[in-house]
Amino acid sequence: MTSHRLSSGGLIDRSAPLNFRFDGKSYSGFKGDTLASALVANGVKLVGRSFKYHRPRGILTAGSEEPNALIELRSGARREPNTKATTAELYEGLEAASQNRWPSLNFDVMSVNQLFAPIFVAGFYYKTFMWPAKFWEAIYEPAIRRAAGLGRAAGIADPDYYDKAWAHYDVLIAGSGPTGLAAALAAGRTGARVILCEEDFTPGGRLIADGGTIDGMPAAEWLSRTLAELGSLPDVRIMTRTTLFGVYDGGTYGAIERVNDHVPSPPEHQVRQRLWRIVAKRCVVAAGALERPIVFAGNDAPGVMMASAMRSYIARYAAAPAKRMALFTNNEDGWRTVETALGAGLQVAAVIDARAEISPAHRSLASKGGFPVLHGSVSGIDGGKNGVRKISVSLTGGARAEVEADGLAVSGGWNPTVGLTSYHRGRPKWRDDIAAFVPDGAPPGMVAAGAANGAFGLGACLREGFAAGVTAARDAGHGNGSGSTPVADDEAFSLTPLWHVAGKGKAFVDQQHDVTASDIELAQREGFESVEHLKRYTTLGMATDQGKTSNVAGLAIMAAVTGKSIPETGTTIYRPPYVPVAIGAFAGHHRDETFHATRLTPSHHWAAEQGAIFVDTGLWKRAQWYPRAGEKDWLESVTREVKAVRGGVGFCDVSTLGKIDVHGADAGAFLDRVYINTFSNLAVGKARYGLMLREDGIVYDDGTTSRLAEDHYFLTTTTAKAGLVMQHLEFCRQVLFPELDVQLTSVSDQWAQFSIAGPKTRDLLKEIVDPSEDLSNEGFPFMGAREVALRGGVKARLFRISFSGEMAFEISVPARYGEAMARNLMIAGHPFGVTPYGTEALGVMRIEKGHVAGPELSGTTTAADLGLGKMMSTKKDFIGRVMAGREALIAADRQVVVGIKPTDKARRLRSGAHIIPKGQTPGPDNDQGYVTSVCFSPTSDHWIGLALVERGRERIGEIVHAHDPLRGEDYDVEICNPVFYDPDGGRQRG
Amino acid sequence: MAEFSWETRSPLDRALVAGPNGASGDAGVSLTEIRNFDLVQVMARRGKAAEMAEAAKARFGVAAPETPNAVGAADATLIWSGPDQFLALSTGGKHSIEALAPGFTGSASLSDQSHARVLISISGAKARTMLAKLSSIDLHPDVFGVGAAAATSMDHTSVTLWRGADRDGQAVFNLLVFATFAESLWHTILDSAAEYGVEIGHPEELA
Amino acid sequence: MKYSIFSLARAALSGHKNWQRTWRDAAPKDRYDVVIIGGGGHGLATAWFLASEFGMKNVAVLEKGWIGSGNAGRNTTIIRSNYGLPGNTGFYELSMKLWERMEQDLNYNAMVSQRGVLNLYHSDAQRDAYARRGNTMRINGIDAELLDQPALKKMLPFLNFDHARFPVQGGLLQRRGGTARHDAVAWGYAHAASELGVDIIQNCEVTGFVRDANGKVTGVETSRGRIGAGKVGMAVAGSSSRVADMAGLRLPIESHVLQAFVSEAIKPLIPGVMTFGAGHFYVSQSDKGGLVFGGDIDGYNSYAQRGNLPVMEDVCEGGMAIIPMIGRVRLLRQWGGIMDMSMDGSPIIDKTPVDGLYLNAGWCYGGFKATPGSGLVFAHLIARDESHKEAARFRLDRFRTGAVIDEKGQGAQPNLH
Amino acid sequence: MRIICPFCGERELGEFTYLGDAKPVRPAADAGEDAVYDYVYLRDNIAGVMDENWYHGGGCRAWLKVTRNTLTHEISGVEAAAGAGARQVAK
């Protein structure tokens with residue numbers, strides 16, 4: 001048995017001992033322990049060092065509000081900094097280390113900071129470290145950064161997995177104490193779908209440690225009966241190890257389930273944690289209340305503990321935080337700790353009660369327990385890193401006393417947990433009778449009950465919980481359930497507010513951030529009186545405990561210094577999450593290669609077989625080029641592919657283009673309104689290039705659209721804009737022009753589409769298309785489009801369009817034939833040297849041909865900038881028409897698309913270089929444009945590019961300077977016609 | 001003359017490996033792909049919803065769904081896909097787009113989706129639990145009963161989901177997924193299901 | 001009261017009892033030469049520049065709540081001048097240069113920390129776009145470097161190089177970029193402006209404009225009474241439309257919510273500011289140790305100052321995708337601010353059609369880094385009645401003429417900027 | 001936030017895309033530059049109840065007019081765009 005383990009009692013499983021290590025030293029505990037309770041049981045008092053002054057700290061609480069007992073849990077890639085020992089479940093082999101100390105917890109060099117404490121007051125850094133300016137980044141800041149922070153993150157990729165799930169319930173209940181269980185019973189019995197989230201690994205809340213009598217039976221028995229009944233209801237779910245952390249609009253709640261944090265590592269195929277998005281019609285916040293400290297000098301010494309926490313350690317974990325304890329309380333409830341301690345056979349040195357009167361029952365308890373009751377306040381602690389030894393007391397009336405004890409329980413009253421109810425900027429309201437804030441202005445559908453609502457008695461909790469459950473179920477559409485409210489007595493509760501005991505020495509308000517009462521006074525003196533200023537200036541409440549034990553005390557002290565009341569002083573805005581949540585949990589499985597979905601083209605696996613190199617284009621993987629053995633780099637492969645197309649025939653999977661079926665009697669009229677050019681007059685069997693503007697007159701997207709029937713067009717978009725164009729067209733159809741008879745269907749995934757290009761395209765196609773189809777220039781002229789039969793009976797759509805400038809077709813087959821199509825093209829094209837080509841070669845050929853693409857359609861260019869101004873119809877209205885005519889969009893000095901070529905033909909061009917007039921020093925005033933797209937043109941045998949250049953079209957032939965300081969390059973280029981290849985277009989028409 | 005084959009290939013051809021997957025023991029989730037179907041999107045022309053409904057009734061013998069439901073006809077399933085539109089799922093060419101077109105002339109626009117989607121069947125004791133990781137909609141049996149359908153998203157990807165007839169007392173969820181996303185979503189489903197144990201069946205033909 | 005290590009040490013001897021208010025707690029006078037509406041960073045900086053650069057000391061800053069309570073206190077603290085379009089480039093560099101001397105100018109340590117701002121790229125197209133932008137910066141005399149993947153691996157070895165959905169190819173780095181302590185910026189300007197005689201009036205909400213017979217603005221109605229003014233400047237980003245409405249103006253602005261997040265404090269992990277464009281995620285680490293991160297705006301008009309869960313998930317997904325070591329680091333706090341999203345993503349600093357009323361608005365989420373520059377050019381506009389040369393393009397009529405400054409190329413759709 | 005799609009029922013935010021104020025009406029072809037400028041660029045930017053265009057792209061692809069309070073995010077009404085279904089719409 002460990003030194004501070006009680007010989008009996010508690011909810012620990014004494015048959016399951018567990019070994020663990022803290023700071024390298026071995027200890028043992030039991031199943032059912034937290035790391036904190038196991039440390040208590042082993043008599044460990046010093047567990048951490050504070051943020052700024054590196055003061056020794058012990059365990060203050062027994063829950064997720066813990067400010068001090070923060071440790072690094074686990075090791076290696078699983079190291080979890082700032083983990084609360086008070087919520088970490090013990091498991092066999094657990095490893096934990098204290099943090100923010102060097103070289104050891106016991107001897108921490110940085111505790112020298114305490115010597116500078118007179119200087120290191122709130123906000124001191126705003127007043128210094130300013131001279132010389134360069135010293136900030138070089139010296140001061142690195143030192144501050146090293147000193148700040150608490151634990152160390154792993155610094156290695158997280159090896160565990162997370163997932164996310166949705167849940168839908170009528171009633172969501174936060175907390176499984178008496179209030180939450182009563183609410184669950186009431187709602188569950190109506191048949192409502194109920195989910196109850198409990199942060200702890202054991203349901204029961206304060207019932208576990210504080211007991212009581214409910215419906216005439218011991219609380220433990222009532223608890224197990226209630227859990228059994230709830231378990232028998234099919235639509236009631238109790239989730240332990242699950243914290244409700246946030247409430248979002250529309251009755252959506254965030255909860256984090258710690259699925260496998262209580263084991264060394266998650267079993268195979270299981271996640272570490274799961275993020276729940278719970279959609280609930282009603283929510284009952286039964287999250288209880290948190291006991292609050294009283295601020296006094298030395299209140300941060302190890303061994304000073306919240307009174308309720310001390311009860312939990314003794315009653316729930318059978319671990320004694322102190323063998324001879326003292327209690328400092330300002331209320332009735334604190335005394336329960338004395339009862340619990342005495343009941344466990346521990347000694348009580350004294351009770352220091354700030355109230356003028358105590359009850360006769362407690363007075364007789366004191367005489368029975370043989371300890372004095374001192375009326376007054378604790379004014380100082382004598383003790384060090386090994387814990388409390390002596391307690392100084394200022395007695396009412398001015399005298400002083402001392403109490404020898406090895407632990408001090410403190411109770412300053414209780415603060416309802418108002419976080420969840422305040423996340424929609426609801427401001428809690430002050431209640432004088434309990435001297436605490438209670439929820440007000442909760443989000444729609446949410447209600448607080450029990451201690452979370454300021455009802456501290458057991459009977460009141462059960463009543464409020466049960467009533468809230470009934471109401472919630474009814475509001476969610478369920479009738480009455482059976483059964484009645486569980487009954488229990490209400491304990492007496494009297495409290496004399498006491499926030500701060502004046503005294504010598506540092507009195508901590510926010511223990512984690514080392515914010516003292518005098519820091520608050522200083523902030524007030526300097527004008528930081530608003531609570532939000534106070535928080536920001538002193539960092540009060542901004543630590544990992546989110547101020548759960550410090551916020552209210554902080555503003556009470558501020559209220560006292562400013563002479564305002566506490567409600568006048570107000571609270572800061574409450575912000576989620578209620579407890580810190582691992583970033584990995586919010587990400588779920590969206591990490592690494594599964595960060596986003598991947599779209600594969602119909603010929604993807606075939607291309608992979610060919611050894612294609614793939615490039616990410618949006619969500620797509622596209623074949624970028626197809627390297628062949630012996631080729632030294634991508635450029636060699638791409639050049640080969642281009643030459644093969646220009647000299648023979650090649651093909652490329654262009655299925656990534658957006659494809660939309662446009663049906664309806666008004667399809668043509670509709671297209672006239674969304675494109676700048678006219679489509680209603682397009683003949684059936686023909687394709688036309690179209691350009692769309694945004695309503696602000698800027699180019700949105702382009703593509704070819706074919707008319708397959710009188711009332712059926714087939715529209716293509718760029719790969720990048722496919723989804724957005726569909727959305728835009730639906731907007732036009734449904735909102736702008738609802739009178740038109742048009743139907744839109746995305747057929748992007750229905751068709752595998754290939755571009756087949758090169759002078760031998762027709763030869764190849766003849767092998768693949770049914771011989772009855774006329775592919776001659778007369779029978780299938782440039783910009784023709786129609787359905788054809790392929791050999792073997794598959795039907796395809798054939799379009800005589802060209803992006804490469806060659807004699808070319810695009811052919812669509814139903815997508816499941818896509819892979820066969822690629823194989824068949826290889827077979828059919830074999831005699832003609834057919835070559836698959838990727839997006840790089842596609843890009844080279846479009847640049848050679850002067851076709852604009854993504855880099856030129858940048859969202860800032862007009863049709864005229866792109867050299868397509870003449871396409872704008874003057875005979876009809878279309879989206880963007882009016883705004884395109886604004887003065888700045890038609891200004892003569894706009895940057896327009898031109899070609900560029902280097903004067904030194906050996907020179908490589910790069911996109912992103914800027915265009916500067918020759919002979920001038922580059923500067924903001926002569927920055928006349930930039931290079932948008934470049935490639936090595938196998939056809940020209942040198943690099944070529946497209947650029948946006950001021951007045952470019954007037955400057956064809958001018959030599960300008962390509963300025964690229966980023967890459968240390970400067971060279972001359974000639975502005976030229978953007979169409980480098982076959983400017984007459986004879987090849988594509990031939 | 002070159003010889004070539006027009007063998008079709010499902011987008012899940014590589015990804016689907018029949019057999020057990022994930023945790024060992026009794027599989028909580030059964031997964032397979034249903035292949036070989038005709039799928040036609042039928043959208044009413046402006047002002048022609050009633051005419052489309054009549055045409056559908058004449059063609060399939062049942063009324064097309066006007067709310068998010070899947071309706072079984074003798075030889076087809078009609079799945080709601082949006083206001084005044086539905087998907088006709090069938091096999092054997094009986095209700096291919098060519099076969100349907102004459103009956104809907106003037107009342108609806110038809111678009112072939114047979115190759116645009118992959119059909120995945122999900123069942124098993126943990127199917128609903130697993131789907132809760134992917135789907136934001138409520139699949140509780142009281143809410144999403146047999147025949148319920150939804151146009152929704154999973155993993156940011158549009159899907160059509162409907163509940164077929166129960167099999168062995170277990171719910172069966174049918175999922176139409178866009179073909180180019182299918183492999184990616186398949187892996188996501190497997191990841192989500194792994195902890196429950198998965199039995200991946202050999203692809204089946206649409207019955 | 002001069003702030004220094006010496007004054008601090010002296011104060012320590014007296015238990016810090018002698019510190020004065022950081023700024024005077026002024027009561028409103030009847031009339032000021034200039035009234036600035038909005039006690040955020042921009043309003044306070046404007047007041048300080050009016051007093052220090054333009055000799056106008058009869059100035060009041062009116063704040064409806066507590067100073068710095070808007071976006072000044074609710075941002076991810078990044079400063080940079082890596083903009084690519086004329087109008088923005090010069091302005092943000094002006095601002096950057098002012099950041100570099102701010103603490104000495106103000107005698108207040110705002111922890112301006114030039115630890116570098118890096119934008120990652122994942123494709124040739126992104127690289128080209130960054131090259132264009134980086135060259136613009138260089139041509140404007142601003143530092144910029146284009147890093148390739150090996151350089152990045154050395155600098156940020158923890159990025160996901162091996163299992164990335166969108167592999168990192170390189171990045172555009174501005175070493176002079178970095179972060180500053182956001183609240184301290186507001187306090188610093190308030191401190192320095194107050195020392196020069198500017199009245200900073202908190203809890204004073206403007207409820208209307210006072211106009212003369214010609215329509216000229218001659219003052220404001222407030223919750224603390226009428227205050228006369230020679231000129232009135234609006235610097236109320238987030239509330240611009242609401243305040244402009246009191247003067248009968250409609251603006252090319254929508255209010256949107258942008259979330260930001262901070263993790264628990266940990267020992268130094270991430271050196272500078274890093275943005276992951278392919279994943280809507282950016283991050284830096286504060287001096288206190290928290291990872292400060294964010295992503296895209298929530299996407300819909302909102303004055304509610306709270307964020308939604310899907311965007312929060314989206315941001316964390318981006319974070320995990322690019323820095324998988326942050327999986328076990330815990331998110332501590334989330335908050336949402338109201339963004340003045342303009343129609344081209346760039347700000348407006350101009351006279352309004354209402355005589356005597358000057359507008360500083362539309363900062364989207366670029367407002368924090370602009371604070372000192374905005375203060376200077378807005379003060380210039382108010383004092384001289386003409387635009388500062390680095391703000392000449394931030395005209396209100398640019399939407400009418402088409403001379404927009406659209407860095408993202410998204411057009412008149414604010415939620416996409 | 002959750003939006004009740006008139007066709008699909010209640011769905012979560014992630015299925016929808018936002019466009020903005022639904023009040024401005026696209027001016028007639030001959031309305032002139034000022035009218036179009038107003039339509040494209042100026043916004044009431046209402047702090048309160050506002051009609052907005054939302055797209056159910058992750059569901060039935062209907063455009064919706066959602067009445068929503070920008071101060072509280074409360075949604076008080078949703079209706080389908082005039083052209084969402086097949087019903088006849090007068091010009």
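Letters go in sequence order (proteins before strands), and every chain restarts at 1.
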Cut-off 4.5 Å, heavy atoms of chain A, and the answer for Ala129(C) is neither

Under 4.5 Å to a heavy atom of chain C? For Glu137(A) that would be side chain

_Exam field: side chain Gln104(C) to backbone Trp131(A), donor-acceptor pair closer than 3.5 Å_ = no

Is the closest side-chain heavy-atom distance between Leu331(C) and Phe245(A) below 4.5 Å? no

When the 4.5 angstrom heavy-atom criterion is applied to Ala403(C) and chain A, the contacting part is both

Cut-off 4.5 Å, heavy atoms of chain C, and the answer for Ala884(A) is neither

So, the part of Asn135(C) with a heavy atom under 4.5 Å from chain A: the answer is both

The interface call for Leu619(A) against chain C, heavy-atom contacts under 4.5 Å, is both

Can Asp616(A) and Arg165(C) be counted as an ion pair, charged N to O under 4.0 angstrom?
yes

Whatever's closer than 4.5 Å to a heavy atom in chain C on Ala133(A) counts as both

We want to know whether Arg132(C) and Thr932(A) form a side-chain donor-acceptor pair, criterion being a heavy-atom distance below 3.5 angstrom. no

Checked Asp249(A), Leu275(A), Asp927(A) vs chain C; the most non-hydrogen pairs under 4.5 Å come from Asp249(A)

Okay, Ala11(C) and chain A: the region with an atom under 4.5 Å from a heavy atom over there is neither

May I ask you to decide whether Lys164(A) forms a salt bridge with Glu313(C), counting only side-chain N to carboxylate O separations under 4.0 Å? yes

So Asp696(A) and Met343(C), side chain to side chain contact (heavy atoms under 4.5 Å, CB included) or not? Walk me through it.
CA-CA 10 Å; Asp696(A) 67 353; Met343(C) 288 287 163; over 6 Å; no

Closest non-hydrogen contact found for Leu8(C) with Lys127(A) is CD1-CD, 4.0 Å

task = Without swapping roles, check the side chain of Asn82(A) against the backbone of Ala265(C) for a donor-acceptor pair under 3.5 Å.
result = yes

Quiz prompt | Lys/Arg N to Asp/Glu carboxylate O, Glu526(A) vs Arg21(C), below 4.0 Å | solution = no

Heavy-atom closest pair (Ile266(C) atom, Pro81(A) atom, distance to 0.1 Å) is CG2-CG, 3.8 Å

So Arg694(A) and Gln413(C), do their side chains get closer than 4.5 Å, heavy atoms only?
no

Note: Ala12(C) and Ile119(A) closest approach over all heavy atoms is CB-CG1, 4.0 Å

If one checks every heavy atom of Arg181(C) against chain A at 4.5 Å, the contacting part turns out to be side chain

Honestly, the part of Tyr130(C) sitting under 4.5 Å from a heavy atom of chain A is backbone

With Met320(C) as partner, the option from His590(A), His589(A), Arg591(A) fulfilling side chain to side chain contact (heavy atoms under 4.5 Å, CB included) is Arg591(A)

Handout entry: Non-hydrogen side-chain atoms of Asp183(C) and His533(A) separated by less than 4.5 Å
Key = no

Expected output: side-chain Arg525(A) to main-chain Gln20(C) donor-acceptor under 3.5 Å: no

Taking C-beta and beyond as the side chain, do Arg145(A) and Lys288(C) meet within less than 4.5 Å on heavy atoms?
-> no

Honestly, the part of Ser286(C) sitting under 4.5 Å from a heavy atom of chain A is backbone

The interface call for Gln114(C) against chain A, heavy-atom contacts under 4.5 Å, is both

The interface call for Pro310(C) against chain A, heavy-atom contacts under 4.5 Å, is neither

Under 4.5 Å to a heavy atom of chain C? For Thr921(A) that would be neither

**Q.** Side-chain donor-acceptor contact under 3.5 Å, Lys267(C) with Asn100(A)
**A.** yes

Under 4.5 Å to a heavy atom of chain A? For Asp124(C) that would be side chain

Tell me, do Met130(A) and Tyr3(C) make a side-chain contact under 4.5 Å, heavy atoms counted? yes

For Phe595(A) and Gly279(C), the nearest pair of non-hydrogen atoms, with its separation, is CZ-CA, 3.7 Å

Turns out that what part of Arg79(A) lies under 4.5 Å from chain C's heavy atoms comes down to backbone

Open item on the list: Please report whether the ring centroid of Phe528(A) lies less than 6.0 Å from that of Trp23(C).
Closed with: yes

Less than 3.5 Å apart, any donor N or O on the side chain of Arg306(C) or Tyr248(A) sitting next to an acceptor on the other? no

Looking only at heavy atoms, the pair that brings Arg575(A) and Trp335(C) closest together is NH1-CB, 3.3 Å

(request) Kindly say whether Pro324(C) contributes a backbone atom to a donor-acceptor pair with the side chain of Asp158(A) at under 3.5 angstrom? (result) no

Honestly, the part of Glu103(C) sitting under 4.5 Å from a heavy atom of chain A is both

Applying a strict 4.5 Å limit to non-hydrogen atoms, the region of Ile67(C) in contact with chain A is both

| query | Is any side-chain heavy atom of Asp592(A) closer than 4.5 Å to a side-chain heavy atom of Asn160(C)? | reply | yes

Whatever's closer than 4.5 Å to a heavy atom in chain A on Leu309(C) counts as both

If one checks every heavy atom of Met111(C) against chain A at 4.5 Å, the contacting part turns out to be both

Between Thr401(C) and Glu887(A), a side-chain donor and acceptor under 3.5 Å = no

Note to self: Counting the benzene-type ring for Trp, do Tyr126(A) and His191(C) have ring centres under 6.0 Å apart?
What the structure shows: no

Honestly, the part of Tyr140(A) sitting under 4.5 Å from a heavy atom of chain C is neither

Okay, Ser530(A) and chain C: the region with an atom under 4.5 Å from a heavy atom over there is side chain

When the 4.5 angstrom heavy-atom criterion is applied to Gln99(A) and chain C, the contacting part is neither

